Amino acid sequence: MLKHLLVALAGLAVVCAPAQAAPKKPVARADIYAPKDEFGVKHPDWAKDAVIYQINTRQFTPEGTFKAAQRQLPRLQALGVDILWLMPVHPIGAENRKGSLGSPYSVQDYYGVNPEFGTKDDLRAFIAEAHQRGMKVILDWVANHTAWDNPWASQHPDWYSRDWKGDFHSTKWTDWADIIDLDYSKPGLRRAMTAAMVYWVKDMNVDGFRCDVAHFVPLDFWQQVRRELDPIKPVFLLAESQNRDMHYRAFNATYSWQWNDAMHRIGKGQADVGAVQGFYAENDWTFPRQAMRMIHIANHDQNSWDATARDRFGPATDAAIVLSFVGAGIPMMYNGQEAGDPKRLAFFERDPIPWKKDPMEDLYRNLIALKSAHRALWNAPWGGDMEQIVNDKPQKVFSFNRQAQGDKVFAVFNLSPEPQTVTFTDGPIAGAYREHFSGAVATFAIGAKLTLPSWGYRVYIGETGAPQ
């Protein structure tokens with residue numbers, strides 16, 4: 001009996017034993033080391049050839065209102081700009097205010113509108129007409145700090161940073177005495193700030209944000225904002241930051257202060273072509289291919305605190321403007337540049353732009369149309385990469401081309417105060433071209449020569465059928 005029982009149990013063990021698993025297929029080592037796309041941001045299709053135009057509402061018109069700005073939309077549409085960036089539209093704090101009107105970056109209420117500029121309905125009308133005319137609107141958003149008298153300071157004092165004495169404080173190492181810093185270790189603050197941004201996209205129909213001192217706020221906050229905004233509509237986020245990491249699952253575009261500084265130093269005779277080449281080298285090798293870098297020669301800070309663009313870039317001003325449109329990057333204009341950037345504007349007071357007819361308006365209109373017409377000049381990732389055309393005056397003359405889907409643009413800049421004759425010694429230059437500004441026809445090959453006046457530039461468009 002025991003023998004039969006043991007046999008039966010042995011049989012049962014065989015029946016109940018798990019089937020031997022098939023050997024696992026080894027993971028290929030190449031899968032582990034394959035490059036990964038960490039960009040994670042989908043650009044709106046309308047950003048492919050976009051040009052940004054910054055509006056300082058207080059100074060943009062004699063009235064300094066949204067209604068008056070709305071009357072300028074036909075002119076901006078004719079100019080060809082695509083994304084209208086409104087400086088902060090919110091009520092400005094009264095406590096510790098600078099000047100009589102205060103800084104727009106001292107936000108008293110994230111859901112309100114500064115009565116100096118008009119009403120929320122006025123702003124809605126501005127946005128609606130901009131959309132009707134094919135333009136988008138982004139708001140300047142200040143997430144790093146608030147005004148001293150923002151209701152959050154009394155309702156949620158735990159949302160703010162504290163100094164060594166336990167008091168509210170302005171951003172360290174700055175003179176921003178009219179604001180107090182927020183503390184992004186607090187989930188409640190993150191939830192409230194995100195909800196406010198969602199409101200402006202969902203309820204007010206804005207198309208994104210320019211985020212002030214974005215790198216002063218943790219990146220994971222911006223990544224969460226992106227996750228909450230994208231399901232509502234395609235948005236454009238511009239970070240006031242040169243930090244490459246801001247592009248990872250957060251921002252479409254970042255600043256390029258290095259480009260601005262390089263062209264400033266070149267115009268002042270303090271640097272040569274190597275300075276601007278250094279920017280493009282870092283951009284190519286450090287930033288994601290899909291990242292947009294905003295290229296500008298003026299903005300509200302530089303205009304108010306440093307100099308006008310013409311004073312800042314000197315004889316290199318026109319060349320810098322042209323390069324900002326034909327080189328890699330998304331161009332930005334500050335209001336008044338099309339009027340010759342006539343003066344530095346006060347920051348805390350009313351100081352309207354003295355509008356006048358200026359040749360700069362025609363230059364900007366020309367360049368915007370050029371950018372739109374040629375895919376090679378579109379913004380990343382649609383446009384062409386910059387390829388160096390080597391010449392025998394590398395410290396004086398900057399030359400490159402860009403190509404995309406058969407479209408070809410070859411640009412040459414003499415970034416020196418003397419006329420230069422250069423010989424092109426290497427690079428994808430061969431072909432027939434038409435010079436954009438003069439209409440002159442030219443053919444280039446390795447060994448070709450070109451003479452440029454001081455601070456001169458040429459932009460050649462590849463003729464149809466030319467070698468690509």
Side-chain angles (χ1 to χ4, degrees), residues 52-76 79 81 84-110 112-127 129-130 137-142 145-150 174-179 206 210 212 240 296-312 332-358 360-361:
I52 301 170
Y53 186 95
Q54 182 186 6
I55 295 177
N56 182 340
T57 306
R58 178 179 285 167
Q59 319 299 14
F60 186 54
T61 63
E63 300 87 348
T65 64
F66 297 130
K67 283 185 176 180
Q70 185 176 343
R71 292 194 290 271
Q72 294 299 313
L73 290 177
R75 180 181 68 81
L76 296 179
L79 187 62
V81 295
L84 306 180
W85 153 18
L86 293 180
M87 285 175 62
V89 300
H90 307 297
I92 294 171
E95 187 175 349
N96 296 323
R97 172 178 286 191
K98 292 189 174 185
S100 62
L101 297 178
S103 166
Y105 294 87
S106 177
V107 176
Q108 190 182 64
D109 174 10
Y110 284 106
V113 164
N114 185 352
E116 173 191 349
F117 302 152
T119 67
K120 195 170 284 189
D121 284 340
D122 294 339
L123 180 55
R124 287 183 195 272
F126 176 92
I127 294 169
E129 182 170 343
V137 179
I138 65 174
L139 298 187
D140 214 324
W141 196 262
V142 187
H145 49 258
T146 73
W148 287 82
D149 50 1
N150 187 300
T174 73
D175 64 351
W176 304 346
D178 56 342
I179 58 88
V206 303
R210 176 268 185 186
D212 189 59
E240 188 194 18
H296 67 285
I297 68 163
N299 69 2
H300 62 282
D301 284 323
Q302 286 183 323
N303 174 271
S304 291
W305 308 118
D306 298 336
T308 66
R310 186 68 63 180
D311 289 339
R312 180 168 167 75
M332 188 275 279
M333 295 175 60
Y334 181 52
N335 53 197
Q337 284 183 241
E338 68 271 44
D341 203 18
K343 71 172 183 176
R344 292 171 58 183
L345 304 173
F347 203 76
F348 307 121
E349 311 294 340
R350 288 275 295 120
D351 188 18
I353 297 167
W355 289 103
K356 61 184 177 63
K357 185 66 176 175
D358 191 274
M360 285 294 101
E361 182 175 355

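Quantities reported herein were computed from a predicted structural model and do not represent experimental measurements. For reference, positions follow the sequence shown, starting with 1.
- The two residues E129 and P74 have their closest heavy-atom pair at OE2-CD, 4.4 Å.
- In this structure Y53 satisfies the ring pair (Phe, Tyr, Trp, His ring centres under 6.0 Å) test with no other residue, sequence neighbours excluded.
- A perpendicular orientation is assigned to the rings of F117 and F66, their planes being inclined by more than 60° (bins at 30° and 60°).
- No option in D351, I353, N303, N335 other than N335 meets the side chain to side chain contact (heavy atoms under 4.5 Å, CB included) test with N56.
- Closest heavy-atom contact between D341 and A298: OD2-CB, 4.4 Å.
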Worksheet item: Between I92 and D178, does a side chain to side chain contact (heavy atoms under 4.5 Å, CB included) hold up when you go through it step by step?
Response: CA-CA 10 Å; I92 294 171; D178 56 342; over 6 Å; no
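- M333 and V81 get closest at one heavy-atom pair: SD-CG1, 4.1 Å.
- What you find for T57 and L86 is that their closest heavy atoms are OG1-CD2, 4.1 Å.
- By the side chain to side chain donor-acceptor pair (under 3.5 Å) test, N114 pairs with E116, sequence neighbours left out.
- Closest approach of P91 to V113, counting heavy atoms only: CD-N, 3.5 Å.
- Under the rule for a side-chain contact (heavy atoms from CB on, under 4.5 Å), the partners of A307 that lie at least two apart in sequence or sit in another chain are D311, R312.
- Put simply, CG on L73 and CG on L79 are 12.0 Å apart, with the number rounded to the nearest 0.5 Å.
- The aromatic ring centroids of F348 and W305 lie less than 6.0 Å from each other.
- Of all non-hydrogen atoms in P104 and M87, the two that sit nearest each other are CG-CE, 4.5 Å.
- Applying the side-chain contact (heavy atoms from CB on, under 4.5 Å) criterion to N299, with sequence neighbours excluded, gives Q54, Y255, W257, H296, D301, Q302, M332.
- Between the CH2 atom in W355 and the CZ atom in R75 there is a gap of 4.5 Å [rounded to 0.5 Å].
- Under the side-chain contact (heavy atoms from CB on, under 4.5 Å) criterion, D212 pairs with Y105, D140, V142, H145, R210, E240, not counting sequence neighbours.
- When the side-chain contact (heavy atoms from CB on, under 4.5 Å) test is applied to D149, the partners found at least two apart in sequence or on another chain are A94, E95, Q108, A147.
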